[in-house]
Amino acid sequence: MPVHNAEIAALFDRLADLLEIEDANPFRVRAYRNAARTIASLGPSVAGLVAAGRDLSELPGIGEAIAEKIAIIVKTGRLPQLAEVEARTPSALAYLMQIDGLGPKRVKALYRQLDIRSFEDLARAARSGKIRELDGFGAKTEAMILQHLDRRLGATQRMRLAEAEDIAAALVDHLRKAPGVKDVSVAGSLRRRKDTVGDLDILVTAARHSRVMRHFVEYDEVTEIVSQGDTRSTVVLRSGLHVDLRVVPQVSFGAALCYFTGSKAHNIAVRRIGVAKGCKVNEYGVFKGAKRIAGRTERDVYATLGLDYIEPEMREDRGEIELAAKGRLPKLVTLDDIRGDLHCHTDLTDGRNTLEEMATAARERGYEYLAVTDHSKHVTVAHGLDKAGLMAAIRRIDRLNARLDGITILKSAEVDILEDGRLDLPDSVLRELDLVVCAVHYKFNLPEKKQTTRILRALDNRHCNILAHPSGRLINVREPYEVDLQAIMTAARERGCFLELNAQPARLDLTDVHCRMAKDMGLKVAISTDAHSTGQLDYMRFGIGQARRGWLEARDVLNTRGLSELRKFLKRV
DNA sequence: GCCGTTTTCGGCCCGACTGTTTTCAGTCG
């Protein structure tokens with residue numbers, strides 16, 4: 001059984017947690033965390049790279065020692081060094097650090113002095129008042145621990161981007177009404193367009209001594225004020241979302257926006273560039289000695305450090321800084337580049353709007369074409385179409401195209417991939433379509449080899465053009481199914497097929513990492529909304545964000561092509 | 001443990017807020 005990248009990364013993260021509790025060299029701890037991050041954001045499987053004899057120490061943050069450890073993990077599934085550490089320090093202690101306010105030092109003190117090894121131990125000690133007696137702890141810390149223990153269940157899940165975006169928009173509206181406020185900007189992972197966000201980071205510029213902090217904590221959605229200072233405060237909203245607000249003067253806006261957008265790893269890497277150039281970089285600007293030499297705009301900050309402007313979606317320290325230094329950053333795809341949508345549904349199956357309503361809505365968005373991809377018969381919950389139903393739908397589209405100006409409706413279907421890899425509709429009807437989108441809707445839990453073979457067989461059908469939502473994940477609901485995406489991408493490229501980046505906020509499937517993998521392999525991606533209503537056509541922006549996180553440029557995206565060029569791409573090799 | 005427009009050894013990002021302190025450690029982002 002191959003060891004997945006995520007599992008390898010988790011071993012190193014766990015090792016880092018426990019070493020931190022043991023007060024090991026913090027830079028060594030960071031080295032393990034960096035390695036974990038590199039592995040987790042790698043497209044190709046590490047196990048595969050090892051099997052192919054590749055030298056892993058070429059990867060950023062991975063040297064000889066960690067490369068060797070990875071090889072052992074791939075071979076045995078275990079990291080011997082982790083077992084050694086766990087013999088001294090119980091593995092469960094790492095979980096205790098999930099409690100807000102408990103870091104490695106305090107967890108160590110709790111373990112050493114009170115033998116606390118679990119949430120249950122922690123709750124018992126806190127309730128009996130033992131924690132307040134420890135050095136460095138007090139009554140407030142004890143109360144805080146109890147409070148967070150109570151809330152722990154269910155509160156740790158990250159929120160989907162779309163949901164967080166709504167909550168942020170309402171809060172930004174509120175903040176704009178504060179007297180003395182100039183700019184209000186959402187930063188953090190929301191600005192980086194990550195598929196889920198852990199908390200909201202909001203940056204405000206305002207005159208000194210403005211009342212904006214008070215205005216913030218008095219927002220009626222606030223249920224708790226975690227901390228409140230002159231320039232920074234943290235609150236919890238009714239939704240459970242934590243919000244950090246930072247107030248800076250306008251002269252620091254760019255530097256603060258960089259700092260608050262992150263990611264943390266990106267910030268560290270940028271500041272290291274600063275150190276190498278004899279500057280200090282912080283949220284107030286770039287400083288040479290005491291003199292501020294940049295800070296008003298993000299562009300200034302990067303330029304002063306010899307870097308091209310880096311789009312927020314790329315700021316993950318995944319190689320973007322090196323490219324920015326060389327002036328070779330990709331020009332990321334934008335919403336304006338999109339010429340049409342290649343996956344949507346109508347009320348003929350499980351969509352809410354009629355064919356004509358969907359067509360008109362697509363035209364209003366400036367699209368040149370819209371592929372209507374109602375379900376095939378096997379997807380009974382969606383009232384999927386059989387051959388006769390689809391033939392009737394095709395004729396309806398022909399009639400609509402004949403009288404509709406300004407947009408072309410492409411005849412298509414989202415054809416179910418059956419368990420054995422055959423498609424749910426016969427070739428005799430598939431050949432009547434402009435394009436065929438195929439997807440897995442049942443039997444998610446096949447073993448990796450079977451699932452991969454199943455999909456490869458579907459791609460073998462000469463009518464198949466696009467594989468929709470290739471991993472099947474539903475964020476916070478269903479894990480991706482076990483499948484060898486590298487093999488599927490290779491096969492898709494060879495056959496002249498494409499993979500979809502499904503823009504539904506709950507899917508965002510392909511992931512950013514897999515988009516980048518597709519790009520590196522020279523495989524184009526279709527960014528599609530899978531809209532089930534006219535309004536959902538606007539989900540395209542989530543797909544664009546994810547594509548940009550995967551470094552996709554317009555040329556890497558199928559539906560940035562005009563109709564005639566698109567038709568050429570849909571002729572399989 | 002990683003890494004190199006100063007380096008193969010000696011560095012490794014930077015600041016705000018809190019609680020328990022009487023000048024700072026711990027945590028967080």
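Below, read A as the first sequence line, B as the second, and so on, with proteins coming before strands; counting in each chain starts at 1.
- Among the heavy atoms of the strands lying under 4.0 Å from A276(A) is at least one base atom, whether or not backbone atoms are also near.
- The OG1 atom of T196(A) sits 8.5 Å away from atom CG of L161(A), with the distance rounded to the nearest 0.5 Å.
- Contact annotation: T234(A) side-chain N/O to dG29(B) OP1/OP2 distance is not under 4.0 Å.
- Across the protein-nucleic acid pair, R246(A) atom CZ and dA16(B) atom P stand 6 Å apart, rounded to whole Å.
- Residue contacts for P26(A): at a heavy-atom cut-off of 4.0 Å it reaches no nucleic acid atom on any strand shown.
- Applying salt bridge (charged side-chain N to carboxylate O under 4.0 Å, His left out) to D23(A) and the options K105(A), R88(A), R28(A) leaves one that passes, K105(A).
- Taking the ring centre of Y284(A) as origin, the terminal cationic atom of R296(A) falls outside the region bounded by 6.0 Å and 45° from the ring axis.
- Each of M213(A) and K69(A) lies near DNA chain B, and the nucleotide nearest K69(A) is the one positioned closer to the 5' end.
- For K280(A), a side-chain nitrogen or oxygen approaches OP1 or OP2 of dG15(B) to under 4.0 Å.
- Among the nucleotides dT20(B), dG26(B), dG1(B), the one closest to the side chain of F27(A) is dG1(B).
- For the pair R193(A) and F542(A), the NZ or CZ position fails the cation-pi test of under 6.0 Å to the six-membered ring centre and within 45 degrees of the ring normal.
- Contact between the side-chain N/O atoms of Y284(A) and the OP1/OP2 oxygens of dC13(B) is not found at any separation under 4.0 Å.
- When heavy atoms are screened at a 4.0 angstrom cut-off, I66(A) is found touching the sugar-phosphate backbone but no base atom.
- Between R28(A) and dG1(B), a side-chain N or O to OP1/OP2 separation shorter than 4.0 Å is present.
- The separation of dC9(B) from dC14(B), taken at their P atoms, amounts to 25 Å, rounded to a whole angstrom.
- At the phosphate of dC13(B), OP1 or OP2 sits under 4.0 Å from a side-chain N or O atom of R30(A).
- Contact check, S227(A) against dC28(B): no side-chain N or O comes under 4.0 Å of OP1 or OP2.
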